[in-house]
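Please read these numbers as outputs of a predicted model, since none were measured by experiment.
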Amino acid sequence: TDGIIANKKHYCQCQENFGFDPITQKCIDCDSNCKTCSSSITHCDSCHEGFSLYQNQCLSTCPNGTVSINQICEPCDQSCKTCSSLTTHCDTCQDELNFYENQCLQECPDGTVSINHVCEPCDTPCKTCSSTKNHCESCIDTFSLYENECIEKCPDRTVRDGNICK
């Protein structure tokens with residue numbers, strides 16, 4: 001078979017696994033991973049199941065910085081170094097950004113601290129922290145801040161002022 005089928009308008013078109021070669025004006029076998037191709041057997045336009053289109057090639061795995069969506073390797077959000085399932089679902093971040101719940105952020109949210117560019121939760125009873133998980137900046141309600149620690153009772157010769165021992 002030459003891979004040609006006629007459509008309703010009486011134009012010839014190539015069937016699946018074949019692509020039209022404009023030079024020879026014939027249908028040619030596509031590369032084995034291509035569902036359809038054009039201009040050459042390796043210039044894929046769509047891919048078989050299990051493969052995704054990337055720069056007119058059908059790949060079994062999309063390159064880093066892209067994710068397969070509807071069998072097309074789509075670029076990740078610019079903040080992501082790598083992503084999965086969605087272009088905005090980051091797995092790793094670009095340099096200097098902080099990873100938090102599959103997002104890449106300039107600053108970690110309150111209640112977390114950046115450790116090796118990952119937003120880690122502060123240790124309880126810290127409400128907010130900095131530099132390390134147990135270097136408290138503020139405390140949960142029943143605790144008071146004293147020398148960057150959250151304590152239940154202020155030390156002797158100090159008084160509680162709000163949530164701070166002075």
Side-chain angles (χ1 to χ4, degrees), residues 3 13-23 27-151 162-164:
Q13 69 184 51
C14 298
Q15 63 189 27
E16 197 171 287
N17 300 321
F18 288 85
F20 185 73
D21 183 346
I23 296 167
C27 292
I28 53 174
D29 283 314
C30 295
D31 181 71
S32 64
N33 299 335
C34 297
K35 187 173 185 179
T36 58
C37 61
S38 60
S39 68
S40 81
I41 62 170
T42 58
H43 189 274
C44 304
D45 295 318
S46 66
C47 303
H48 287 293
E49 196 67 36
F51 294 90
S52 297
L53 189 65
Y54 178 74
Q55 296 178 349
N56 295 103
Q57 294 181 309
C58 291
L59 306 175
S60 58
T61 306
C62 289
N64 279 347
T66 65
V67 61
S68 181
I69 297 175
N70 299 321
Q71 287 188 272
I72 297 172
C73 297
E74 298 285 356
C76 297
D77 181 83
Q78 63 184 6
S79 66
C80 305
K81 189 179 278 185
T82 59
C83 60
S84 59
S85 67
L86 297 169
T87 58
T88 55
H89 187 273
C90 303
D91 294 323
T92 59
C93 298
Q94 296 294 348
D95 294 340
E96 305 309 313
L97 293 178
N98 298 297
F99 184 77
Y100 178 72
E101 295 181 354
N102 296 102
Q103 297 175 342
C104 296
L105 308 172
Q106 292 280 342
E107 306 267 332
C108 288
D110 282 349
T112 65
V113 61
S114 178
I115 299 173
N116 297 321
H117 295 290
V118 175
C119 298
E120 298 282 353
C122 300
D123 287 346
T124 303
C126 296
K127 185 175 183 178
T128 58
C129 57
S130 63
S131 47
T132 65
K133 293 166 58 166
N134 63 359
H135 188 269
C136 304
E137 297 291 330
S138 66
C139 305
I140 59 175
D141 289 340
T142 57
F143 289 80
S144 299
L145 184 66
Y146 180 72
E147 295 179 354
N148 296 103
E149 287 185 43
C150 292
I151 55 178
N163 276 13
I164 298 172

- Task: Assess whether atom CG of Asn134 is packed by more than 12 heavy atoms of other residues, nucleotides or ligands within 6.0 Å.
- Result: yes
- Given side chains that start at C-beta, do those of Thr66 and Glu74 come closer than 4.5 Å, heavy atoms only? no
- Message: Looking at every non-hydrogen atom in both residues, tell me the closest pair between Asn17 and Cys34 and how far apart they are.
- Response: OD1-O, 3.7 Å
- Item | Pro125 side chain near Cys139 side chain, heavy-atom distance below 4.5 Å | no
- For Cys80 and Thr87, work out which heavy atoms get closest and say how close. SG-O, 4.0 Å
- Query: Can you tell me how far the CD1 atom of Ile28 sits from the SG atom of Cys37, to the nearest 0.5 Å?
  - Reply: 5.0 Å
- Task: Check Asn33 against Phe51 and note the closest heavy-atom contact, atom names and distance.
- Result: OD1-CZ, 3.3 Å
- For the atom pair SG (Cys47) and CG (Asp31), what is the distance rounded to the nearest 0.5 Å? 9.5 Å
- Message: Rounded to the nearest 0.5 Å, what separates atom CG in Asp77 from atom CG in Leu86?
- Response: 11.0 Å
- Message: If you count heavy atoms of other groups shown closer than 6.0 angstrom to NZ of Lys35, is the number above 12?
- Response: no
- Item | CD on Gln78 to CG on Leu97, rounded to 0.5 Å | 9.5 Å
- Roughly how far, to the nearest 0.5 Å, is the CG atom of Leu145 from the SG atom of Cys150? 5.5 Å
- Query: Taking Thr128 for the side chain and Ser138 for the main chain, is one N or O donor matched with an acceptor at less than 3.5 Å?
  - Reply: yes
- Check for a donor-acceptor pair, side chain of Asn163 on one end and backbone N or O of Ser144 on the other, with a separation under 3.5 Å. no
- Query: Does the side chain of Glu137 come within less than 4.5 Å of Asn148's, by heavy atoms?
  - Reply: yes
- Would a 4.5 Å heavy-atom cut-off, applied to side chains only, mark Ile151 and Phe143 as touching? no
- Task: Would you tell me whether His117 and Asp95 have side-chain atoms, one donor and one acceptor, within less than 3.5 Å of each other?
- Result: no
- Message: As an exercise, state the distance from SG of Cys44 to OH of Tyr54, rounded to the nearest 0.5 Å.
- Response: 14.5 Å
- Under 3.5 Å, side chain of Glu149 to main-chain N/O of Cys136, donor-acceptor pair present? no
- Message: If you apply the rule disulfide (SG to SG under 2.5 Å), what do you find for Cys90 with Cys76, and how did you get there?
- Response: CA-CA 8 Å; Cys90 303; Cys76 297; over 6 Å; no
- Might you point out which heavy atoms bring Leu59 and Pro63 nearest each other, and give the distance in Å? CD1-CD, 4.0 Å
- Query: Is there a donor-acceptor pair closer than 3.5 Å between any side-chain N or O of His89 and the backbone N or O of Ser84?
  - Reply: yes
- Message: When you compare the side chain of Asp45 with that of Asn56, does any pair of heavy atoms fall below 4.5 Å?
- Response: yes
- Message: Measuring only between side-chain heavy atoms, which start at C-beta, is Val118 closer than 4.5 Å to Asn98?
- Response: no
- When every non-hydrogen atom of Gly50 is compared with those of Gln71, the smallest separation belongs to N-NE2, 4.1 Å
- In terms of heavy-atom contacts, Ile140 and Lys127 come closest through N-CB, 3.8 Å
- Message: Please check this pair: side chain of Thr92 against backbone of Thr82, looking for a donor-acceptor N/O pair closer than 3.5 Å.
- Response: yes
